[in-house]
Amino acid sequence: MTERWALAPTEHGGAAIAPLGPDGRPTAPVTHEPDLAEAVRSRPEATRWVWRDTHSVHPRLLAAGVRVDRCYDIEAAETLLLAHEGRHGEPRSAAAALARLRGGPVPPDPPPRTAAPGSQSSLFEPRPPVDVSLADLLDVYADQQRRHATTAHPDRLRLLTASESAGMLVAAEMHAAGLPWRADVHRALLTELLGERYAGGGEPRRLAELADEVSAAFGRRVRPDLPADVVKAFAQAGIKLTSTRRWEIEGIDHPAVKPLIAYKKLYRIYTAHGWSWLQDWVRDGRFRPEYLPGGTVSGRWTTNGGGALQIPKVVRRAVIADPGWRLVVADAAQMEPRVLAAISRDPAFMEVAGQDGDLYQSVSDRAFSGDRGQAKLAVLGAIYGQTSGDGLKNLALLRRRFPRAVAYVDEAARAGEEGRLVRTWLGRTCPPAVNAADQEEAGIPQDDPDDPASGPPSTYGYTSSNSRARGRFTRNFVVQGSAADWALLMLAALRRELDGMAAELVFFQHDEVIVHCPRDEADRVAEAIRSASDLAGRLTFGRTPVRFPFAVASVECYADAK
DNA sequence: GCCAGAGGCGCC
DNA sequence: AAAGGGCGCCTCTGGC
């Protein structure tokens with residue numbers, strides 16, 4: 001039985017609390033406790049805590065060693081509800097929600113905090129702690145309950161709100177735990193790849209050598225990190241480029257190409273994950289990024305500083321379990337096509353996605369006479385909105401064999417082009433279209449209406465190219481976002497599965513989790529991941545034959561997981 | 001000196 | 001084979 005309590009921090013580390021009845025209203029007067037963590041610790045019967053925002057409460061509980069089972073994050077809920085109501089840009093703070101409820105002036109949201117590099121403390125800097133009283137907070141909560149109930153699928157949106165709240169708990173816990181990071185291994189790797197640094201500063205040896213090779217190949221001094229310089233050098237060699245992107249340079253027959261590409265790859269590691277990154281972000285053997293659940297419109301998480309979701313594969317060699325411990329690395333195999341099967345309920349596609357094996361191989365056996373590469377391209381093209389090339393031809397094949405799956409994303413694309421909103425399976429809602437006049441005002445250049453390449457004029461007030469771009473966005477949104485719905489439930493389920501074990505969730509990246517655990521817990525953790533996946537599939541999509549298998553590896557080093 | 005935007009590339 | 005979706009973050013540039 002869920003017993004709900006509401007909590008609001010007060011000055012000097014205290015808290016106002018109240019027990020809630022089944023209707024979400026307090027069943028006893030608000031009481032004041034001198035110690036927030038103790039107030040929670042002494043009420044193990046409370047299985048869900050309702051509070052303004054997880055960020056300003058949970059780190060204090062973690063620091064005091066207090067675990068909460070579940071929470072309801074009012075500001076996360078407000079964000080989801082506003083988007084669902086088509087009011088994506090409105091302020092989402094509890095104070096703003098209260099002002100809308102009472103008809104007062106709505107305060108703008110505070111500017112987003114920027115994480116101090118490597119800080120342990122950014123999570124502990126509370127916003128103005130008590131800008132809304134507990135009684136007022138509970139009025140906002142009651143109103144949110146009402147708004148959930150008025151949606152087309154209240155159960156789904158409630159589930160999403162609960163999961164988003166659970167994600168907030170996980171985010172704070174992963175920040176506190178940190179990803180095991182061996183600075184000594186990272187340094188050795190940097191020296192191996194980039195060479196020694198010179199005492200006077202500047203680029204490390206290997207980068208300087210590659211820059212010299214590029215210059216030698218052109219017969220003049222060229223700075224490989226300056227695109228304009230590279231384009232000019234190629235032009236002088238008789239080769240016209242529109243950019244210096246790798247895919248454009250790769251095919252060119254010129255001696256500068258090889259060292260240039262090598263330079264770009266190493267330069268990236270040097271600037272984004274090199275010595276200064278290490279200095280800024282790794283403390284006491286842990287990398288602690290600040291995770292922002294729902295940081296993107298589709299519901300995927302972002303991180304604030306440290307580039308935690310873009311760790312280059314080669315750098316993962318520095319992610320090493322503590323002695324006697326393991327990293328259980330689990331990757332959801334072909335998550336997005338499986339999600340498309342579940343949300344479209346295409347019978348043939350569900351059958352393919354109902355097996356744990358290689359989905360692309362099954363698709364190709366059915367529609368592409370065994371050419372797995374073509375099948376994968378077609379499926380990804382359908383999800384991403386391929387507009388040209390072989391993908392289109394393959395898309396036609398896919399449509400014949402899996403008509404409902406393709407129709408589902410086509411409809412999402414049409415909705416986007418027509419300026420309508422689309423939603424994920426659980427109800428996360430895309431932002432509204434921005435009309436052409438507003439874009440012009442914001443400095444976004446518009447198509448030339450006289451340009452035949454920009455197509456016929458649209459009837460929706462958007463240039464056709466903008467409209468098509470929004471179609472690609474909404475097409476992808478329903479799949480990527482529903483996959484994020486599922487991943488969020490999986491994460492919440494896994495958090496509960498791990499309760500009582502020494503194992504800790506230490507990383508989450510869209511369709512992949514890492515759990516750090518004692519060696520003899522690794523098998524139980526792998527089993528917990530499978531249970532969490534099954535439960536998430538059932539809870540998110542109801543009865544469905546679609547399976548969401550994980551590739552699970554128990555390793556000492558992250559780089560060995562694949 | 002600050003800031004926004006562009007170019008580029010890492011991850012999914 | 002072509003360059004579709006979502007992000008964060010780095011450098012450099014050019015305007016103020």
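Convention: sequence-line order gives letters A, B, ...; per-chain numbering from 1.
A salt bridge links A/Arg221 with A/Asp212: the closest approach of a Lys/Arg side-chain nitrogen to an acidic carboxylate oxygen falls below 4.0 angstrom. Between A/Arg300 and A/Glu336 a salt bridge is recorded (basic side-chain N to carboxylate O distance below 4.0 Å).
Not one N or O on the side chain of A/Arg317 forms a donor-acceptor pair closer than 3.5 Å with the backbone of A/Lys313.
No contact: A/Arg475 has no heavy atom under 4.0 Å from any strand. Across all strands shown, A/Ile311 has heavy atoms under 4.0 Å from sugar-phosphate atoms exclusively, and none from any base.
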### Message
Strictly under 4.0 angstrom, non-hydrogen atoms only: write out the protein contact profile of nucleotides 5-11 of chain C, one letter per nucleotide from the 5' end, B, S or -.
### Response
BBSBBSS
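Straight-line distance from the NZ atom of A/Lys376 to the C1' atom of C/dG4: 15 Å, rounded to whole Å. Put simply, CD1 on A/Ile249 is 17 Å from P on C/dA3, counting in whole angstrom units. Between the CZ atom of A/Arg246 and the P atom of B/dC9 there is a distance of 7 Å, given to the nearest Å. Between A/Tyr263 atom OH and B/dG7 atom C1' the separation is 15 Å, expressed in whole Å. Protein atom CG of A/Leu241 is 17 Å distant from nucleotide atom P of C/dA3, rounded to whole Å. Taking atom CG of residue A/Asp229 and atom P of nucleotide B/dG8, one finds them 13 Å apart after rounding to whole Å. One atom, CH2 of A/Trp486, and another, C1' of B/dC12, lie 14 Å apart when rounded to the nearest Å. A/Glu250 places its CD atom 14 Å from the C1' atom of B/dG8, with the value rounded to the nearest Å.
Between A/His273 and A/Pro312, the closest side-chain pair of non-hydrogen atoms falls below 4.5 Å. Within the 4.5 Å cutoff, no side-chain heavy atoms of A/His84 are placed close to those of A/Arg428.
Residues passing the side-chain hydrogen bond (donor to acceptor under 3.5 Å, both in side chains) test with A/Arg338, sequence neighbours excluded: A/Gln334.
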